[in-house]
Amino acid sequence: MDRAPRDRDSEGRARSARPRDGLGRPLPYGRAGVARQDEGVVRAPRETLETAQKLLDEGKPFHAHEVFEDAWKSRPEPERDLWQGLAQLAVGLTHAARGNAQGGVTLLQRGAERIAGYGDPYDVDVSGLTAWARDLTERLARGGAPVDPRAEAPRLTLT
């Protein structure tokens with residue numbers, strides 16, 4: 001069976017060129033989608049938080065996750081769990097908004113556990129985020145209906 005060649009980026013890595021909606025779901029080729037975040041962008045921690053917060057406030061948690069993923073891959077080892085945990089929280093919200101309650105619960109729990117031991121580096125509101133994740137997890141476990149990602153967007157920082 002012949003398959004169409006995979007989409008590749010300029011460095012030859014597999015990367016889907018399909019447009020995506022605001023929650024990161026692939027759309028058919030040729031449809032208008034939401035602009036994707038560039039991959040591999042190295043940002044200062046505050047810029048990462050500001051960019052991700054803007055995306056969360058716009059109801060684009062999948063895209064915020066991509067910003068956190070860049071930080072997780074580029075920041076020093078002692079910080080990587082923080083950024084990975086923030087990415088997991090964003091993906092948990094993505095799943096919840098898509099109607100995948102179980103996926104949302106799983107990722108929200110993992111993300112909250114991963115960031116829990118960090119204090120408040122870069123003014124990240126770790127205790128507020130873990131409380132937000134716990135509350136959303138409980139609501140998803142009870143009902144499971146898709147949530148509005150804008151209405152549920154957490155505040156990332158204390159200031």
Side-chain angles (χ1 to χ4, degrees), residues 7-27 31-98 100 103-137 140 146-159:
D7 296 330
R8 303 234 174 238
D9 66 13
S10 61
E11 279 95 44
R13 293 182 305 239
R15 179 164 165 87
S16 176
R18 286 175 64 181
R20 296 195 177 251
D21 71 6
L23 293 175
R25 292 175 290 219
L27 299 169
R31 292 249 332 254
V34 172
R36 296 187 59 184
Q37 297 302 301
D38 292 330
E39 284 188 45
V41 176
V42 177
R43 299 173 183 87
R46 297 235 188 261
E47 183 184 1
T48 295
L49 292 164
E50 289 169 5
T51 301
Q53 186 68 66
K54 179 180 180 290
L55 291 164
L56 288 166
D57 291 345
E58 292 173 356
K60 300 175 186 171
F62 176 83
H63 302 278
H65 136 269
E66 291 180 324
V67 171
F68 287 133
E69 191 171 278
D70 284 339
W72 149 33
K73 291 177 179 178
S74 66
R75 298 299 304 157
E77 182 64 39
E79 294 180 20
R80 289 193 181 151
D81 274 350
L82 171 69
W83 301 107
Q84 185 177 18
L86 292 170
Q88 288 173 319
L89 293 176
V91 172
L93 180 55
T94 300
H95 282 292
R98 289 177 177 176
N100 177 2
V105 165
T106 298
L107 270 298
L108 289 166
Q109 288 173 337
R110 282 185 194 159
E113 288 170 11
R114 196 172 295 272
I115 69 170
Y118 271 93
D120 296 317
Y122 308 112
D123 290 329
V124 172
D125 186 3
V126 171
S127 61
L129 286 167
T130 55
W132 166 83
R134 187 174 41 254
D135 174 66
L136 184 53
T137 295
L140 290 170
V147 301
D148 177 347
R150 277 192 178 116
E152 297 295 340
R155 303 276 40 99
L156 298 173
T157 60
L158 295 165
T159 55

Using modelled atom types and a 3.5 Å cut-off, is there a donor and acceptor pairing between side-chain atoms of [X] and backbone atoms of [Y]?
X	Y	value
Y122	P45	no
T130	S127	yes
R31	P19	no

Kindly indicate whether the side chain of [X], heavy atoms from C-beta on, has any atom under 4.5 Å from the side chain of [Y].
X	Y	result
P154	L136	no
L108	L140	yes
L49	V124	yes
L93	V147	yes
W83	L86	yes

Rounded distance [0.5 Å steps], [atom1] in [X] versus [atom2] in [Y]:
X	Y	atom1	atom2	answer
T51	D70	OG1	CG	10.0 Å
E50	R43	CD	CZ	11.5 Å
L89	I115	CG	CD1	5.0 Å
E66	L55	CD	CG	9.0 Å

Pairs involving [range], ordered by first then second residue, that meet salt bridge (Lys or Arg N to Asp or Glu O under 4.0 Å) (sequence neighbours left out):
range	value
residues 110-119	D81-R114
residues 149-159	D57-R155, R139-E152
residues 116-126	R46-D123

Ignoring hydrogens, what is the shortest heavy-atom contact between [X] and [Y]? Give both atom names and the distance.
X	Y	result
G119	V126	O-CG2, 2.7 Å
G59	P149	O-CG, 3.7 Å
W72	Q84	CZ2-NE2, 3.3 Å

Using the side-chain hydrogen bond (donor to acceptor under 3.5 Å, both in side chains) criterion, which residues pair with E58? Sequence neighbours excluded.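 Partners of E58 by the side-chain hydrogen bond (donor to acceptor under 3.5 Å, both in side chains) criterion, ordered by chain and then number, come out as K54, K60.
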Who are the side chain to side chain contact (heavy atoms under 4.5 Å, CB included) partners of V91, not counting sequence neighbours?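 H65, H95, L107.
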Test of understanding: with ring-ring contact (aromatic ring centres under 6.0 Å, His included), list the residues that count as partners of F68, not counting sequence neighbours.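 With sequence neighbours excluded, F68 shows a ring-ring contact (aromatic ring centres under 6.0 Å, His included) to no residue whatsoever.
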